[in-house]
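Below you'll find the structure, written out as structure tokens, and then a few comments.
Residues take their numbers from the sequence shown, with the count starting at 1.
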Amino acid sequence: MSILQSLIPPKGLRVLVTAGAGGIGEKITAGFVEAQARVHISDVNPEAVNAAVGGAVTGSVADAGDEEDTRRLFDDAREAMGGIDVVVANAGVAGPTATVADISAREWDGTLDVNLRSAYLAARFGAPYLIENKGAFIAMSSVAGRHGFAYRTPYSAAKWGIIGLVKSLASELGPQGVRANAILPGIVRGPRIDRVISARAKELGISFDEMKEQNLAKVSLRRMVEPEDIAATCLFLCAPGGGNISGQALSVCGNVEAL
């Protein structure tokens, strides 16, 4: 195998992607399909799942933070693909933008359920398959998982938690051939970041454009990340060239210096 070939995932991987019908998850799904993998996705929106399935993509309507939904999701994926080689725990929500005194316990719990509990559930139900196939677990953290993030405390806490989760999984499952890593996206272009910028701008009493400019001023490369960049990183982590990368928090962010 050449060095160049080692950067391409092996054909025929069986990949489960939570929240794989839209946003970053949609690009991750597309990337694996392009690499000739089979992909089973989940999403809470039935219309999104129906629009995404076809060809190499199958799917389930499931809440990634719900235990029974996730159990069923993995059963569905096993039935559709015959097994699972890669789990991408991608589900996440922005959560509230407010001072900590104004964030309710319900908002806090809801944010952690989707962003952190979902990754735990994906690891819990995915581990037997990954051990069997010496597979890979990838969880979506954020640059908010290495910086403090004012007005976004539950989101940041969850993303820090994901890093602890994958580092622990790497130690626990590594002797059985399983690799676990986190990807830390920065400011990813798309509707979701526009909503985040708008909410933060409102909290600070400034315009959307001012808030966007302030955010990009803290990025060394002074630009947003494309969702395809995140998908490409997932592919590399599943390629032979990424075979000795485990327990890592990989920032794909243009070097976000602060939040």
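Distance alone, capped at 3.5 Å, places no donor-acceptor pair between the Lys11 side chain and the Gln36 backbone. In this structure, the side chain of Gln5 engages the main chain of Ser2 through a donor-acceptor pair within 3.5 Å. Between the Asn133 side chain and the Tyr129 main chain, a donor and an acceptor come within less than 3.5 Å of each other. Put simply, the side chain of Asp229 never gets that close to the backbone of Val225: no donor and acceptor are under 3.5 Å apart. In terms of modelled atom types and a separation under 3.5 Å, the side chain of Arg152 and the main chain of Ala157 share no donor-acceptor contact.
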**OP:** Evaluate the side-chain contact (heavy atoms from CB on, under 4.5 Å) criterion for residues Val61 and Asp43: first the C-alpha distance (whole Å), next the side-chain angles of each, then the deciding distance (0.1 Å), finally the verdict.
**Re:** CA-CA 5 Å; Val61 178; Asp43 200 280; over 6 Å; no
Original post:
Given Ser246 and Leu173, is the side-chain contact (heavy atoms from CB on, under 4.5 Å) satisfied, shown in steps?
Top reply: CA-CA 10 Å; Ser246 191; Leu173 303 179; over 6 Å; no
Subject >> Criterion salt bridge (charged side-chain N to carboxylate O under 4.0 Å, His left out) on Glu68 and Arg71, from CA distance to verdict >> reply: CA-CA 5 Å; Glu68 290 309 312; Arg71 188 192 307 274; 3.3 Å; yes
**OP:** Take Glu26 and Thr29, measure what side-chain hydrogen bond (donor to acceptor under 3.5 Å, both in side chains) needs, and give me the verdict at the end.
**Re:** CA-CA 5 Å; Glu26 181 180 8; Thr29 299; over 6 Å; no
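Applying the side chain to side chain contact (heavy atoms under 4.5 Å, CB included) test to Pro96 and every residue at least two apart in sequence or in another chain returns Ile103, Glu107, Thr111, Pro154. Qualifying side chain to side chain donor-acceptor pair (under 3.5 Å) partners for Asp194, counting only residues two or more places apart in sequence or in other chains: none. The side chain to side chain contact (heavy atoms under 4.5 Å, CB included) test applied to Ala139 returns Ala89, Phe137, Ile162, Val166, not counting sequence neighbours. Not counting sequence neighbours, the partners of Asp76 by the side chain to side chain donor-acceptor pair (under 3.5 Å) test are Ser60.
The structure places CG of Leu130 at 8.0 Å from CG of Asp85, a figure rounded to the nearest 0.5 Å. In this structure, OG1 in Thr97 is found 9.5 Å from CG in Leu204, a value given to the nearest 0.5 Å. Rounding to the nearest 0.5 Å places CZ of Arg200 at 10.5 Å from CD1 of Ile193. To the nearest 0.5 angstrom, Arg14 atom CZ is 7.5 Å from Met81 atom CE. How far CD of Gln176 is from CD1 of Ile131: 4.0 Å, rounded to the nearest 0.5 Å. Atom CG in Asp75 sits 11.0 Å away from atom OG1 in Thr70 (nearest 0.5 Å).
Proximity of Cys234 to Ile183: side-chain heavy atoms (C-beta onward) are separated by under 4.5 Å at one or more points. Inter-residue side-chain proximity for Phe236 and Ile245 is flagged as met; some heavy-atom pair is nearer than 4.5 Å. Contact annotation: the side chain of His40 never approaches that of Ile84 to less than 4.5 Å [non-hydrogen atoms, C-beta and beyond]. Considering only heavy atoms from C-beta on, Asn115 stays 4.5 Å or farther from Met140 through its side chain. A 4.5 Å side-chain heavy-atom check between Val88 and Val15 finds at least one atom pair inside the cut-off. Within the 4.5 Å cutoff, side-chain heavy atoms of Glu67 are placed close to those of Phe125. Residues Val178 and Leu169 form no side-chain contact, since every pair of their non-hydrogen atoms from C-beta on lies 4.5 Å or further apart. Taking the side chain as every heavy atom from C-beta outward, Ile41 and Thr18 never approach each other to under 4.5 Å.
Contact detail for Ala144 and Phe149: the closest heavy-atom pair is CB-CD2, 3.7 Å. Taking all atoms of both residues into account, the shortest heavy-atom contact from Arg223 to Val219 is O-CG1, 3.7 Å. Between Pro9 and Leu235 the shortest heavy-atom distance is CG-O, 3.4 Å. Residues Val17 and Gly25 share a closest heavy-atom pair of CG1-O, 4.3 Å. The minimum heavy-atom distance between Ser118 and Ala91, with the atom names listed, is OG-O, 3.9 Å. Across every non-hydrogen atom of Asp63 and Val44, the tightest pair is CA-CG1, 3.6 Å.
Pairs passing the side chain to side chain donor-acceptor pair (under 3.5 Å) check and including a residue from residues 179-189, sequence neighbours excluded, read Arg189-Glu226.
Put simply, Val196 and Met211 are part of the same group of oily side chains (I, L, V, M, F, W, Y) that touch within less than 4.5 Å, one to the next. Residues Ile138 and Leu184 do not share a hydrophobic cluster, clusters being chains of Ile/Leu/Val/Met/Phe/Trp/Tyr side chains in contact below 4.5 Å. No chain of hydrophobic side-chain contacts below 4.5 Å, direct or via other Ile, Leu, Val, Met, Phe, Trp or Tyr residues, connects Leu221 to Met224. By the rule that hydrophobic residues join a cluster once side-chain heavy atoms approach within less than 4.5 Å of another member, Val39 and Ile230 end up as members of one cluster. In this structure, Leu259 is not a member of the same hydrophobic cluster as Leu250, with clusters built from ILVMFWY side-chain heavy atoms closer than 4.5 Å.
No more than 12 heavy atoms of other residues, nucleotides or ligands sit less than 6.0 Å from atom CD of Glu213. Counted within 6.0 Å of CZ on Arg222, heavy atoms from surrounding residues, nucleotides or ligands total more than 12; the atom is thus considered enclosed.
The only option from Ser251, Ser156, Ser141 that meets the side-chain hydrogen bond (donor to acceptor under 3.5 Å, both in side chains) definition with Arg146 turns out to be Ser251.
In the hydrophobic clustering (ILVMFWY side chains linked at under 4.5 Å, chained through shared members), Val93 is joined by Val114.
A salt bridge between Glu228 and Lys27 is present, with a side-chain N of the basic residue lying under 4.0 Å from a carboxylate O of the acidic one. Ion pairing between Asp69 and Arg72 holds under the 4.0 Å rule for side-chain N and carboxylate O. Residues Asp209 and Lys212 are not paired through a salt bridge, judged by the lack of any N-O separation under 4.0 Å between the basic side chain and the carboxylate.
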